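All heavy atoms count here, side chains included; hydrogens, waters and symmetry mates do not. Predicted model only: the values in this text are computed from it and were never measured.
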Amino acid sequence: MFLAGTETTSSSVEWALTELLRNPEAMAKVKAEISEVVGPNRKFEECDIDNLSYMQAVLKESLRLHPPLPFLIPRRATQDTKFMGYDVPKGTQLLVNAWSIGRDPECWDDPFEFKPERFLGSNVDVKGQNYELIPFGAGRRMCVGLSLGHRMMHFAFGSLLHEFNWELPDNITPKSMNMDESMGITARKKQPLKVIPKRA
C-alpha cells in the first residue's frame, strides 16, 4: 500500500516537473502564482493548495498525459453485455487504458500538447466523475488512496516549486529532453529527470 502511494506520487511529480521544464511559459506562470499566494517568508502549506488554480491545472494536465497507471486495475464482466456496439461475453477480463483516454482527440483539443489552461474554469476533475480524465480510476473500484495521494502530490509539487528554481544541465535543452516511458508498477520516465535545483 505504501509502495503504491509513494511510487505513483513521485512519478507524477517527476512528470509534472518535466513538462514544466519543457514549457518555460507554464513554469513562469505557476511560479508566479505560488509566489503571490505563498510569498517568500513562509513555507508552502497544505491550505495553500485550494488557492492555486493554475498549479492544480498543471497537475491535471500532467496526469492526463502521464497517468501513473496507464492501465487501470483489470475488471471482469459479470454478465453478457453489449457496450458501444460490442458484445462482451460474461467472464471477459477488461483493461481500461487511461493513457489512451487522456490522448483521445474526440475528448481533447490538441491531445498531445501540454496545455494546463484547458482546465482553468473547467469542471473536469480527476476524482472519477469525468470519464475523459481517470488517472485514479472511477466508480466503486477507484483508487482507495485518492484523497491522500491527491493532497500529497499537490503538496510535494508545490513545495518543490516554492523552495527551488529548477534548471536543466547545460547539455540538455527543453526540446531535447527524453520523454520515453518505462513500464513497471507505474509509468515512469525511462531516463530519470536530471535537473539542478537552486534556492528560490
Using a 4.5 Å cut-off on heavy atoms from C-beta on, say whether the side chain of [Y] contacts that of [X].
X      : Y      : result
Ser35  : Pro40  : no
Lys127 : His150 : yes
Met177 : Leu193 : yes
Trp166 : Leu20  : no
Arg188 : Ser10  : yes
Val195 : Thr18  : no

Count I, L, V, M, F, W, Y as connected when their side-chain heavy atoms are under 4.5 Å apart, and connections chain through other members. Are [X] and [Y] then in the same cluster?
X      : Y      : result
Tyr131 : Ile101 : yes
Phe155 : Phe136 : yes
Val37  : Phe157 : yes
Val96  : Val126 : no

- Query: Can you name the salt bridge (charged side-chain N to carboxylate O under 4.0 Å, His left out) partners of Glu19, sequence neighbours left out?
  - Reply: Arg22
- Of all residues at least two apart in sequence or in a different chain, which pass the salt bridge (charged side-chain N to carboxylate O under 4.0 Å, His left out) check with Glu117? Lys29
Between [X] and [Y], which heavy-atom pair has the shortest distance, and what is it?
X      : Y      : answer
Trp108 : Glu132 : CZ2-O, 3.2 Å
Pro135 : Pro68  : CB-CD, 4.1 Å
Gly158 : Ile34  : O-CD1, 4.2 Å
Leu95  : Pro74  : CD2-CG, 3.6 Å

Tell me whether [X] contacts the main-chain N or O of [Y] through its side chain, where contact means a donor paired with an acceptor under 3.5 Å.
X      : Y      : answer
Gln56  : Ile49  : yes
Trp15  : Ala187 : yes
Ser62  : Lys60  : no
Ser122 : Val124 : yes
Lys189 : Ser11  : no
Glu33  : Met55  : yes
Arg64  : Gly102 : yes
Thr92  : Val88  : no
Arg76  : Gly91  : yes
Arg118 : Asp109 : yes

- Message: Salt bridge check, Arg42 against Asp48: does any charged N sit closer than 4.0 Å to a carboxylate O?
- Response: yes
- Task: Run the salt-bridge test on Asp87 and Lys82 with the 4.0 Å N-O cut-off and return the result as yes or no.
- Result: yes
Just verifying a value: how many Å separate [X] [atom1] and [Y] [atom2], rounded to the nearest 0.5 Å?
X      : Y      : atom1 : atom2 : value
Leu52  : Leu59  : CG    : CG    : 10.0 Å
Cys143 : Ile134 : SG    : CD1   : 13.0 Å
Leu120 : Tyr54  : CG    : OH    : 7.0 Å
Ile172 : Leu21  : CD1   : CG    : 10.0 Å
Leu69  : Ser12  : CG    : OG    : 9.0 Å
Lys31  : Phe164 : NZ    : CZ    : 9.5 Å

- Task: Under the ring-ring contact (aromatic ring centres under 6.0 Å, His included) rule, collect the residues that match up with Phe114, sequence neighbours excluded.
- Result: none
- Can you check side-chain contact (heavy atoms from CB on, under 4.5 Å) on Met153 and Leu63, steps first, answer last? CA-CA 11 Å; Met153 181 177 57; Leu63 287 168; 3.6 Å; yes
- Would Asn130 and Asp125 satisfy side-chain contact (heavy atoms from CB on, under 4.5 Å), going step by step from the backbone distance to the final call? CA-CA 6 Å; Asn130 307 103; Asp125 207 348; 4.1 Å; yes
Does [X] have more than 12 heavy atoms from other residues, nucleotides or ligands lying within 6.0 Å of its [atom1]?
X     : atom1 : value
Glu25 : CD    : no
Ile73 : CD1   : no
Glu45 : CD    : yes

- Task: Classify the ring geometry between Phe44 and His162 as parallel (under 30°), tilted (30 to 60°) or perpendicular (over 60°).
- Result: tilted
- Going by distance alone, is a donor N or O of one side chain under 3.5 Å from an acceptor N or O of the other, for Lys115 and Asn23? no
- Query: Are Ser176 and Thr173 close enough that a side-chain donor and a side-chain acceptor fall under 3.5 Å?
  - Reply: yes
- Note on the structure: For Met152, the hydrophobic cluster (side chain heavy atoms closer than 4.5 Å, chained through members) also holds Leu148
- Give every residue pair that meets the side-chain hydrogen bond (donor to acceptor under 3.5 Å, both in side chains) criterion with at least one member in residues 95-107, sequence neighbours excluded. Trp99-Glu181
- Message: Taking side-chain hydrogen bond (donor to acceptor under 3.5 Å, both in side chains) as the cut-off, I'd like each qualifying pair that reaches into residues 190-200, sequence neighbours left out, listed once.
- Response: Glu163-Arg199, Glu167-Lys198
